[in-house]
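Working notes for the structure below.
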Amino acid sequence: MKNIAFTICAKNYIGLAQVLEKSIHKHNPDIDFFILVADEITPEDKLTSLASNVLIAKDVIGFSADKWNDMSFKYDLTEFCTSIKPACFKFLINSYRPENCIYFDPDILVFDKLDSIFNSLNKYSIIVTPHITTIQEEYTGSLQENGLLFTGMFNLGFLACKCNEVTNRMLNWWDERLKDRCFINRMENYFTDQKWMDFLPSFFPKELLISHDLGLNFAPWNFYEREVIDQEGKFYVVNRLQNGVEEETRLKFVHFSGFNYKGLLSNEVSQGNIPGLAIYPDVVKVIDEYGMWLKSSSFTDFSNLSYTYNTFSNGTPISKTYRKLYRRLSEDGVLTENPFNQNGVFYQSLQKGKLLSKSLVHSDRQGVSNLEGVDRKLIKVNKLFSFAYKVLGAERFFMLVRLLRIYSKIENHVYLIDPSYLKEAKIRD
């Protein structure tokens with residue numbers, strides 16, 4: 001195999017990944033494509049068979065049972081799928097010995113040949129795409145700039161690698177960090193597997209290509225800077241902000257990150273990751289194209305399947321709060337057993353601490369901004385803090401505020417299920 005492409009998804013996105021596969025093969029029939037499933041297929045799923053290129057990651061990438069259980073529990077779905085990305089790269093490279101290997105997120109549609117990527121890999125070892133490419137004194141994008149700082153400079157919905165020693169070094173370095181540091185966590189400056197790629201220009205200045213091809217990774221965060229032009233059914237991209245200064249380029253692939261894919265089946269367009277996202281008339285054309293692909297796909301055959309690692313062994317839903325408390329106990333070496341086990345120490349500790357609650361799982365989907373009655377609650381909190389300020393004085397009050405910041409991290413409330421943490425302060429910033 002000369003060129004391989006692959007994606008990683010939970011089982012409910014297998015149909016979405018197959019849309020990506022078909023779009024790749026329409027324009028690039030010589031690329032071998034694989035779907036790595038970061039999930040488990042159960043009898044209840046009633047899937048009689050899967051295509052031979054659909055591989056259950058747990059069975060092939062070589063993780064021990066303990067490592068798999070640890071990572072699939074402490075990470076949520078997005079974190080977990082991204083945490084195994086370098087391991088999936090290494091599995092495919094070692095198993096099939098390709099010359100080049102490309103990762104795509106499953107919510108991508110390919111519109112053209114990918115030859116330009118492979119041609120660039122003749123010179124470079126690694127190719128990444130920046131979220132945005134155009135400097136503006138007054139930024140006009142829908143995604144706030146501090147959001148770009150949080151997620152990192154490059155979008156890892158796409159990563160292309162030449163299968164050589166440089167890539168091997170990068171994958172081993174990346175893999176080691178994602179075992180324990182693939183969280184979405186502002187306090188710790190982590191954003192899944194992606195933020196780590198900000199190191200690459202420093203590590204591989206000659207082997208890394210930061211591609212400014214506007215036709216690669218066209219996505220919601222760069223809609224504002226890139227305009228789609230339809231020329232007799234073929235799509236091209238130009239810089240929306242520079243009025244024809246740059247030449248047009250073919251649209252290679254679009255990343256439909258955060259879109260409501262079920263909604264697209266009924267021609268309803270919504271995107272949930274970027275509030276107030278501007279969707280331009282020219283962008284609607286490619287969204288409609290994606291909707292047509294989805295309507296003729298197997299997407300609905302899989303879309304209602306439940307993620308295996310969202311429940312304990314007895315079916316009790318797992319809250320993000322449980323994942324974070326487990327993370328702390330695991331990192332401290334307090335827990336070494338399977339955290340999914342309903343008869344295990346962790347589950348029993350949650351039960352004893354009266355933390356097993358469906359309302360916690362519901363709150364995972366709520367942000368502070370859309371909390372019911374948030375304005376009234378904030379007024380009450382302000383009054384409480386005002387009283388504390390009068391009692392404590394300025395110095396001790398602001399010291400308390402800095403301390404409370406640390407306690408906004410759920411991992412620091414592990415004392416609720418392990419009394420030993422009440423005897424010794426073990427705060428982590």
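- Two rings, from His413 and Tyr407, have their centers less than 6.0 Å apart.
- Side-chain contact check for Val269 versus Val284: every heavy-atom pair is 4.5 Å or farther apart.
- Looking at Gln194 and Thr82, their side chains never bring a donor and an acceptor atom within 3.5 Å of each other.
- Looking only at side-chain heavy atoms (C-beta outward), Ile102 and Ile117 come within less than 4.5 Å of each other.
- Tyr224 and Thr134 form no side-chain donor-acceptor contact under 3.5 Å, judged by distance and modelled atom types alone.
- Remark: Arg327 engages Glu188 in a salt bridge, criterion side-chain N to carboxylate O under 4.0 Å.
- Aromatic ring orientation, Phe256 versus Phe259: perpendicular (interplanar angle above 60°, classes split at 30° and 60°).
- The shortest side-chain heavy-atom distance between Asn164 and Asn168 does not fall under the 4.5 Å cut-off.
- Donor-acceptor pairing under 3.5 Å is recorded for the side chains of Tyr261 and Asp107.
- Counting only distance, with no hydrogens or angles, the side chain of Arg226 and the backbone of Arg240 share no donor-acceptor pair below 3.5 Å.
- Checked against the 6.0 Å centroid criterion, the rings of Phe183 and Phe191 do not qualify as a close aromatic pair.
- Defined by atom type and a distance below 3.5 Å, a donor-acceptor pair is present between the side-chain atoms of Ser330 and Asp70.
- Using a distance-only test at 3.5 Å, with no hydrogens or angles considered, a donor-acceptor pair links the side chain of Asp282 to the main chain of Val228.
- Distance alone, capped at 3.5 Å, places no donor-acceptor pair between the Ser125 side chain and the Leu121 backbone.
- One distance of note links CG of Asn185 with CD of Glu79; it measures 8.5 Å at 0.5 Å rounding.
- Classification of Glu40 and Lys58 as a salt-bridged pair holds, one side-chain N sitting under 4.0 Å from a carboxylate O.
- Remark: Leu36 CG to Lys85 NZ distance equals 12.0 Å, nearest 0.5 Å.
- Within a 6.0 Å sphere centred on CE of Met187, heavy atoms belonging to other residues, nucleotides or ligands number more than 12.
- Put simply, the side chain of His27 never gets that close to the backbone of His25: no donor and acceptor are under 3.5 Å apart.
- Heavy atoms of other residues, nucleotides or ligands lying less than 6.0 angstrom from CD of Glu337 number more than 12.
- In terms of modelled atom types and a separation under 3.5 Å, the side chain of Asn28 and the main chain of Ile31 share no donor-acceptor contact.
- Remark: Thr140 engages Gln136 in a side chain to side chain donor-acceptor pair (under 3.5 Å) (not counting sequence neighbours).
- Remark: the Glu225 side chain and the Gln242 side chain contain no N/O donor-acceptor pair separated by less than 3.5 Å.
- A donor-acceptor pair shorter than 3.5 Å cannot be found between the side chains of Asn222 and His131.
- Asn382 and Lys377 share no side-chain donor-acceptor pair at under 3.5 Å.
- The aromatic rings of Phe312 and Tyr322 are tilted relative to each other, their planes meeting at an angle between 30° and 60°.
- Taking the ring centroids of Phe340 and Phe73, they lie under the 6.0 Å cut-off.
- Shown here is Tyr280, whose OH atom has more than 12 heavy atoms of other residues, nucleotides or ligands within 6.0 Å.
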*Starting from the C-alpha separation in whole Å, work towards a yes-or-no answer on side-chain hydrogen bond (donor to acceptor under 3.5 Å, both in side chains) for Asp39 and Thr308.*
CA-CA 6 Å; Asp39 208 338; Thr308 303; 2.5 Å; yes
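- Note on Arg328 versus Asp332: salt bridge recorded, some NZ/NE/NH1/NH2 to OD/OE distance being below 4.0 Å.
- Using a 4.5 Å heavy-atom threshold, the side chains of Phe253 and Leu109 count as separate.
- Heavy atoms of other residues, nucleotides or ligands lying less than 6.0 angstrom from NZ of Lys320 number 12 at most.
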*asked:* Let's go through Phe158 and Tyr103 carefully: what are the C-alpha distance in whole Å and the side-chain angles of both, what is the deciding distance for ring pair (Phe, Tyr, Trp, His ring centres under 6.0 Å) to 0.1 Å, and is it a yes or a no?
replied: CA-CA 5 Å; Phe158 163 80; Tyr103 170 80; 9.0 Å; no
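- Two residues are said to be in side-chain contact when any heavy atoms from C-beta on lie closer than 4.5 Å; Val237 and Ile229 fail this criterion.
- Residues Thr129 and Asn155 have side chains that never bring a donor and an acceptor to within less than 3.5 angstrom of each other.
- Using a 4.5 Å heavy-atom cutoff, the side chains of Leu329 and Asp418 are in contact.
- Checking side-chain atoms of Ser95 against main-chain N and O of Phe91 turns up a donor-acceptor pair under 3.5 Å.
- Taking 4.0 Å as the cut-off between side-chain N and carboxylate O, Asp112 and Lys252 do not count as a salt-bridged pair.
- Using a distance-only test at 3.5 Å, with no hydrogens or angles considered, a donor-acceptor pair links the side chain of Tyr75 to the main chain of Arg181.
- For the residue pair Asn12 and Leu305, the shortest heavy atom distance occurs at CB-O, 3.4 Å.
- A salt bridge links Asp180 with Lys74: at least one charged nitrogen is closer than 4.0 Å to a carboxylate oxygen.
- With respect to Asp175 and Lys90, a salt bridge is recorded, a charged nitrogen being found less than 4.0 Å from a carboxylate O.
- Judged by distance alone, with hydrogens and angles left aside, the side-chain atoms of Thr167 form a donor-acceptor pair with the main-chain N or O of Lys162 at under 3.5 Å.
- The two residues Asp198 and Gly152 have their closest heavy-atom pair at OD2-CA, 3.6 Å.
- Under the ring-ring contact (aromatic ring centres under 6.0 Å, His included) criterion, Tyr236 pairs with no residue, sequence neighbours left out.
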Side chains of residues 60-69: which donor-acceptor pairs under 3.5 Å do they make with residues two or more places apart or in other chains?
| unit_1 | atom_1 | unit_2 | atom_2 | d |
| --- | --- | --- | --- | --- |
| Ser64 | OG | Lys67 | N | 3.1 |
| Trp68 | NE1 | Tyr309 | OH | 2.8 |
| Asn69 | ND2 | Ala65 | O | 3.2 |

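- Atom CD1 of Ile135 sits in a sparse spot, with 12 or fewer heavy atoms from other residues, nucleotides or ligands closer than 6.0 Å.
- For the 3.5 Å distance criterion, the side chains of Asn267 and Lys295 qualify, holding a donor opposite an acceptor.
- Shown here is Glu395, whose CD atom has no more than 12 heavy atoms of other residues, nucleotides or ligands within 6.0 Å.
- Looking only at side-chain heavy atoms (C-beta outward), Leu148 and Leu143 come within less than 4.5 Å of each other.
- For the atom pair Thr300 OG1 and Leu294 CG, the distance stands at 10.0 Å (nearest 0.5 Å).
- Between the side chain of Ser142 and the main chain of Ala278, a donor-acceptor pair closer than 3.5 Å is present.
- Between the side chains of Asp45 and Thr42, a donor-acceptor pair is found at a separation under 3.5 Å.
- Annotation: side chain of Leu178 is in contact with side chain of Asp193 (closest heavy-atom distance under 4.5 Å).
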*Would you please test Asn304 and Lys262 for side-chain hydrogen bond (donor to acceptor under 3.5 Å, both in side chains) and show each step?*
CA-CA 10 Å; Asn304 292 321; Lys262 290 184 178 179; 2.8 Å; yes
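- With respect to the salt-bridge test (charged N to carboxylate O, under 4.0 angstrom), the residues Asp30 and Lys2 do not qualify.
- Formation of a donor-acceptor pair under 3.5 Å by the Arg323 side chain with backbone atoms of Ser72 is found in this model.
- Atom CD1 of residue Ile279 and atom CD of residue Gln271 lie 7.0 Å apart, to the nearest 0.5 angstrom.
- Checked against the 6.0 Å centroid threshold, Phe6 and Phe33 do not count as a close aromatic pair.
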